[in-house]
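The structure appears right after this line, and notes come after that.
In the text below, chain A, chain B and the rest are named by the order of the sequence lines, each starting its count at 1.
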Number of protein chains: 2
Amino acid sequence: MSSIDAEHVDYDGEPEAERCAMRVLLELITAPWTLHILLILTDEGPTRFGALRRKVEGISSRVLTVRLRSLEARGLLSRSVSSSKPPEVTYYPTPRLHDMRVFMQQLRDLSLKWHHEDHPNPT
Amino acid sequence: MSSIDAEHVDYDGEPEAERCAMRVLLELITAPWTLHILLILTDEGPTRFGALRRKVEGISSRVLTVRLRSLEARGLLSRSVSSSKPPEVTYYPTPRLHDMRVFMQQLRDLSLKWHHEDHPNPT
DNA sequence: CCGAATCCACCACGATACTG
DNA sequence: CAGTATCGTGGTGGATTCGG
């Protein structure tokens with residue numbers, strides 16, 4: 001992500017905002033664990049922090065927090081705090097996450113197609 | 001990319017190969033400059049190394065080479081060397097790049113939609 | 001002209017320990 | 001339970017230099 005600024009240079013008068021939005025979106029997705037997190041939310045619905053941490057096996061709470069914050073900032077999930085004791089924070093899917101799912105489905109189809117091309121399965 | 005291995009853990013019995021393929025694809029795309037490179041190839045067709053370097057303003061030859069190699073390895077472009085003097089290396093789009101284009105179009109639509117949601121444009 | 005090799009600097013991840 | 005704080009480390013991008 002170090003050179004994202006360098007890509008802010010205008011490119012042939014193209015609307016740079018769009019391309020930037022693409023980059024941001026892609027980088028959000030490819031950040032480690034995010035796919036896991038998003039899939040869990042779409043598959044299992046609202047999930048609490050601890051549960052998330054358990055399901056995304058191996059992630060540290062620090063990184064999980066960072067990811068969740070980023071995803072929240074981009075509207076892919078929402079965060080709800082219940083100020084009880086002990087604290088209870090739940091993360092919810094959003095409409096935008098549903099858009100995401102469609103997109104990921106297409107991505108999956110594509111990568112699957114290529115995978116089969118690369119590794120033909122002789123019957 | 002440091003934790004990609006950590007994600008190799010099987011996830012609920014899902015075929016991990018597919019998810020891995022997705023990751024590889026996504027990481028390929030999000031690597032800096034790749035979007036630039038791919039767009040240029042799709043828009044302008046076969047392009048030589050030097051031209052590519054000029055169009056992708058700011059990229060170093062080292063990184064450009066690395067990116068091109070990766071993209072070639074994944075079949076997104078092909079490389080043709082003309083052993084003349086001076087040497088002439090041209091990079092060509094591939095069918096797979098065309099698949100890519102469809103996918104990127106959808107991605108663009110999505111990010112554009114979100115962009116408009118985030119920044120409503122009052123007329 | 002195309003690209004390989006080297007060196008450096010940065011930063012994101014991971015582990016650990018600690019609060020409200 | 002749900003994070004924040006701090007430190008150490010490896011992987012990558014960038015600049016530069018050299019070679020065919």
Side chain to side chain contact (heavy atoms under 4.5 Å, CB included) test vs B:His36 passes for just one of B:Ile59, B:Leu64, B:Val56, namely B:Val56

Non-neighbouring partners of [X] that pass side chain to side chain donor-acceptor pair (under 3.5 Å), sequence neighbours left out:
X	value
A:Ser82	A:Ser84
B:Thr65	none
A:Thr42	A:Arg101
B:Glu117	A:Arg96

Output the rounded distance in Å from [atom1] ([X]) to [atom2] ([N]).
X	N	atom1	atom2	result
A:Lys85	C:dT19	NZ	C1'	12 Å
A:Arg53	C:dT16	CZ	C1'	12 Å
B:Arg48	C:dG3	CZ	C1'	14 Å
B:Arg69	D:dG13	CZ	P	16 Å
A:Ile37	D:dA2	CD1	C1'	15 Å
A:Leu52	D:dG3	CG	P	10 Å
B:Glu27	D:dG13	CD	P	11 Å
B:Phe49	C:dC2	CZ	C1'	6 Å

Does [N] have OP1 or OP2 sitting under 4.0 Å from an N or O in the side chain of [X]?
X	N	answer
B:Tyr91	C:dG3	yes
B:Trp33	D:dG14	yes
A:Arg54	D:dA2	no

Answer yes or no: is there a donor N or O on one side and an acceptor on the other, between the side chain of B:Thr94 and the main chain of B:Leu76, under 3.5 Å? yes

Residues pairing under ring pair (Phe, Tyr, Trp, His ring centres under 6.0 Å) where one sits in residues 45-103 of chain A, two or more places apart or in two chains, turn out to be A:Phe103-B:Phe103

Sorted by number, residues from residues 59-68 of chain B placing a heavy atom under 4.0 Å from DNA chain D are B:Arg62, B:Val63, B:Arg67

Per nearest nucleotide of DNA chain C, the residue lying toward the 5' end, A:Pro86 or A:Gly58, is A:Gly58

